[in-house]
Amino acid sequence: MAKRSIDPDIQLLAALADPTRMEIMRELAGSAEVCACDFTDCCGVSQPTVSHHLRVLRDAGAVTSERRGNWVFYKIAPNLTERLAGIAKGLVPGGIIPLSTLTERRARSGSAGGQRPQAPA
């Protein structure tokens, strides 16, 4: 059995790395909130499997939930964008590079589609 990391960034990225959980996140991105019962249709998995994936996402801090009677509604955690941006910023030397800068660099270098882009200067 693999050792489970206590690093919250690793837990978040691991939670998002699963195809079913990404489908759940995409479904949530298109709505203010979604009832847990509605994920079986979008993901093509059983309710117990959906519940497992929602728990993983909740434990990683990617989603929040609210119980209303017998139903549980989920939404993307309000700080998820900032957390992901912080992780990305920590991985890119010099911080996050704006897309316009990358596009300009690619145009200047004459990089054709399919070629590996050059590392930022």
Side-chain angles (χ1 to χ4, degrees):
M1 188 170 182
K3 183 180 173 186
R4 194 168 173 168
S5 175
I6 58 170
D7 182 323
D9 292 345
I10 293 173
Q11 287 181 334
L12 177 61
L13 293 174
L16 296 175
D18 180 86
T20 300
R21 292 192 283 268
M22 279 303 295
E23 283 300 315
I24 289 171
M25 295 302 291
R26 287 182 180 115
E27 186 75 13
L28 287 169
S31 303
E33 62 182 18
V34 178
C35 180
C37 61
D38 293 330
F39 289 114
T40 54
D41 291 337
C42 81
C43 300
V45 294
S46 67
Q47 187 61 48
T49 301
V50 166
S51 294
H52 162 75
H53 288 298
L54 288 169
R55 188 187 82 242
V56 171
L57 289 167
R58 191 177 53 245
D59 290 349
V63 300
T64 60
S65 62
E66 180 183 334
R67 178 172 288 282
R68 296 183 203 147
N70 292 331
W71 308 107
V72 180
F73 290 83
Y74 287 84
K75 60 184 173 182
I76 293 177
N79 67 338
L80 182 62
T81 302
E82 290 81 14
R83 285 185 67 197
L84 291 171
I87 293 168
K89 186 175 182 179
L91 297 174
V92 177
I96 295 178
I97 302 168
L99 181 58
S100 59
T101 302
L102 292 175
T103 305
E104 289 170 15
R105 287 181 184 171
R106 177 171 261 178
R108 280 190 306 236
S109 70
S111 178
Q115 291 182 343
R116 187 173 179 197
Q118 295 178 350

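Sequence positions, counted from 1, serve as the residue numbers for this chain.
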When rounded to the nearest 0.5 angstrom, what distance separates NE2 in His52 from CG in Asp18?
-> 7.5 Å
Would a 4.5 Å heavy-atom cut-off, applied to side chains only, mark Ser51 and Gln47 as touching?
-> yes
Within one Ile-Leu-Val-Met-Phe-Trp-Tyr cluster: Leu57 and Trp71, side-chain cutoff 4.5 Å = no
Rounded to the nearest 0.5 Å, how far does CD of Glu23 lie from CE of Met25?
-> 12.0 Å
Please tell me if the side chains of Gln11 and Asp59 come closer than 4.5 Å, counting only heavy atoms from C-beta onward.
-> no
With Arg68 as the cation and Phe73 as the aromatic partner, state whether NZ or CZ is under 6.0 Å from the six-membered ring centre and within 45° of the axis.
-> yes
Stepwise side-chain contact (heavy atoms from CB on, under 4.5 Å) test for Val34 and Ile24 = CA-CA 9 Å; Val34 178; Ile24 289 171; over 6 Å; no
Atom CZ of Arg26 and atom SG of Cys43: how far apart are they, to the nearest 0.5 Å?
-> 10.5 Å
If every non-hydrogen atom of Thr40 is compared with every non-hydrogen atom of Ser46, which pair is closest and at what distance?
-> CG2-C, 3.9 Å
Evaluate the side-chain proximity of Leu16 to Arg21: yes if any heavy-atom separation is below 4.5 Å, no if none is.
-> no
Measure across Ala60 and Ala15 and return the closest heavy-atom pair with its distance rounded to 0.1 Å.
-> CB-CB, 3.6 Å
Are the side chain of Arg83 and the backbone of Pro8 linked by a donor-acceptor contact shorter than 3.5 Å?
-> yes
Once you round to the nearest 0.5 Å, how far does CD1 of Ile87 lie from CG of Asp9?
-> 4.0 Å
Might you point out which heavy atoms bring Val63 and Tyr74 nearest each other, and give the distance in Å?
-> CG2-CD2, 3.9 Å
Evaluate the side-chain proximity of Leu12 to Leu80: yes if any heavy-atom separation is below 4.5 Å, no if none is.
-> yes
Excluding sequence neighbours, so at least two apart, what forms side-chain contact (heavy atoms from CB on, under 4.5 Å) with Cys42?
-> Glu27, Phe39
